[in-house]
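One structure below.
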Amino acid sequence: SEKFGKALKYYGVNPKDEFIACLRLTPDYPILVAAASLINAKVNLIAPFFCDEFLCDIVIKSHAKVVLVNDWDFATIAPALLKCCANKTIVIMPVDAWDAGNNPHSELMERFYSFDRNSFEAAYRLCKTKCNICMIDEFLKCGEGYLGQLDGNGKLSDEIAITYTSGSTRKGWHKGV
């Protein structure tokens, strides 16, 4: 989590700042939450099924400098990211990042989730022309250059918000909190 924390700091995420994460199926999410705690930042978790307008509203209002998204959902949310991520860094995290690609659940995931490499690559090429985009290994490598302190004085009494929805009255928008 220290590597993630240093990378977030390197990319300008400061205490009380938010960063966005769309990391469904990504086993590294708890590490990212710990990194947020180390630098006193907030994680705003989004879902790939949110409509573009709602995603952009969240991204813009959060003033996030960094958006992390897994490779499986990237092509789905890329149209929204193109609309609202011009000054942000988009970080692509592979779903199988667990243990350097040795995800023990890979076979099971492949049975239930299909990864469309062509859609991913097309979305990546398009976003690369308009956004600052990188893969997770490059993101973490940049963090190695961060020499400052991590602000790690988070406490159990610090603010946390969880948005939960069991449905919607409008497709792609949450119903309530």
Side-chain angles (χ1 to χ4, degrees), residues 1 3-13 17-33 35-36 41-103 105-146 171-174:
S1 57
K3 287 182 182 181
F4 274 103
K6 286 183 174 188
L8 289 164
K9 293 291 282 185
Y10 177 87
Y11 280 92
V13 179
D17 284 354
E18 289 183 37
F19 61 93
I20 305 291
C22 182
L23 298 176
R24 178 176 70 105
L25 305 173
T26 308
D28 302 75
Y29 181 69
I31 296 168
L32 190 62
V33 171
K42 302 174 190 176
V43 183
N44 195 332
L45 187 60
I46 60 173
F49 53 80
F50 290 167
C51 71
D52 288 2
E53 182 183 356
F54 186 46
L55 283 171
C56 283
D57 190 53
I58 292 169
V59 171
I60 290 166
K61 287 181 179 173
S62 72
H63 303 287
K65 296 175 181 123
V66 175
V67 177
L68 293 109
V69 61
N70 70 45
D71 53 358
W72 291 48
D73 292 324
F74 177 68
T76 304
I77 69 167
L81 296 177
L82 281 169
K83 294 176 187 173
C84 57
C85 283
N87 298 324
K88 301 174 186 334
T89 298
I90 301 169
V91 182
I92 308 294
M93 180 179 284
V95 168
D96 68 355
W98 189 341
D99 194 24
N102 297 318
N103 183 344
H105 308 291
S106 293
E107 186 176 313
L108 182 63
M109 288 178 67
E110 289 170 8
R111 273 184 42 212
F112 295 101
Y113 300 99
S114 62
F115 177 63
D116 183 349
R117 176 145 311 276
N118 292 333
S119 295
F120 169 80
E121 289 175 357
Y124 185 87
R125 281 191 304 274
L126 183 59
C127 284
K128 190 78 170 164
T129 64
K130 299 184 182 205
C131 305
N132 180 23
I133 189 168
C134 64
M135 298 301 287
I136 190 66
D137 52 343
E138 179 185 346
F139 177 75
L140 294 174
K141 187 160 182 63
C142 288
E144 292 172 7
Y146 179 77
K171 186 171 176 30
W173 287 76
H174 64 82

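When a residue number appears, it is its place in the shown sequence, counting from 1. FYI, side chains are in, hydrogens and waters are out, and symmetry mates aren't considered; it's all heavy atoms of this structure. If you're wondering where the values come from, they're calculated on a predicted model, not measured in any experiment.
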When rounded to the nearest 0.5 Å, the distance separating NZ of Lys65 from CD of Glu18 is 11.5 Å
**Report entry** Any side-chain heavy-atom pair of Val91 and Val66 under 4.5 Å
**Finding:** yes
Candidate pair Asp17 and His63, rule side-chain contact (heavy atoms from CB on, under 4.5 Å), full reasoning: CA-CA 8 Å; Asp17 284 354; His63 303 287; over 6 Å; no
side-chain contact (heavy atoms from CB on, under 4.5 Å) assessment of Cys134 paired with Ile92: CA-CA 6 Å; Cys134 64; Ile92 308 294; over 6 Å; no
The reported gap from SG in Cys131 to CG in Leu82 (rounded to nearest 0.5 angstrom) is 5.0 Å
Practice problem: Evaluate the side-chain contact (heavy atoms from CB on, under 4.5 Å) criterion for residues Phe19 and Asn44: first the C-alpha distance (whole Å), next the side-chain angles of each, then the deciding distance (0.1 Å), finally the verdict. | Solution: CA-CA 6 Å; Phe19 61 93; Asn44 195 332; over 6 Å; no
Closest heavy-atom pair, Ile136 versus Pro94, reported as atoms and distance to 0.1 Å, is CG2-CD, 3.6 Å
TODO: For side-chain contact (heavy atoms from CB on, under 4.5 Å), just list the numbers for Leu68 and Cys22, CA-CA rounded to whole Å, side-chain angles, deciding distance to a tenth of an Å, and then say yes or no.
DONE: CA-CA 6 Å; Leu68 293 109; Cys22 182; over 6 Å; no
For Ala78 and Ala123, the nearest pair of non-hydrogen atoms, with its separation, is CB-CB, 3.7 Å
Sorted by chain and residue number, the salt bridge (charged side-chain N to carboxylate O under 4.0 Å, His left out) partners of Lys130 (sequence neighbours excluded) come out as none
### Message
Is the shortest side-chain heavy-atom distance between Cys85 and Val67 below 4.5 Å?
### Response
yes
Contacts satisfying side chain to side chain donor-acceptor pair (under 3.5 Å) that involve residues 84-93 (not counting sequence neighbours) are Thr89-Asn132
Rounded to the nearest 0.5 angstrom, the NZ-OG distance for Lys42 and Ser62 is 10.5 Å
Query raised in the report: Hey, does Leu55 have a side-chain heavy atom less than 4.5 Å from the side chain of Phe49?
Result: no
| Pair Phe139 + Tyr10: ring centers closer than 6.0 Å | no
Sorted by chain and number, sequence neighbours left out, salt bridge (charged side-chain N to carboxylate O under 4.0 Å, His left out) with Asp52 holds for Lys83
One should read off an interatomic distance between Ile90 CD1 and Tyr124 OH, to the nearest 0.5 angstrom, of 10.0 Å
dist Leu23:CG -> Trp72:CH2 (nearest 0.5 Å) comes out at 14.0 Å
Nearest heavy-atom contact between Leu45 and Ala21 is CD1-O, 3.1 Å
Heavy-atom closest pair (Lys9 atom, Val13 atom, distance to 0.1 Å) is CD-O, 3.2 Å
- Task: Determine, for Asp57 against Lys61, whether the closest basic-nitrogen to carboxylate-oxygen distance falls under 4.0 angstrom.
- Result: yes
Within-4.5 Å side-chain heavy-atom neighbours: Thr76 and Phe50 = no
When rounded to the nearest 0.5 Å, the distance separating CG of Leu8 from NZ of Lys3 is 14.0 Å
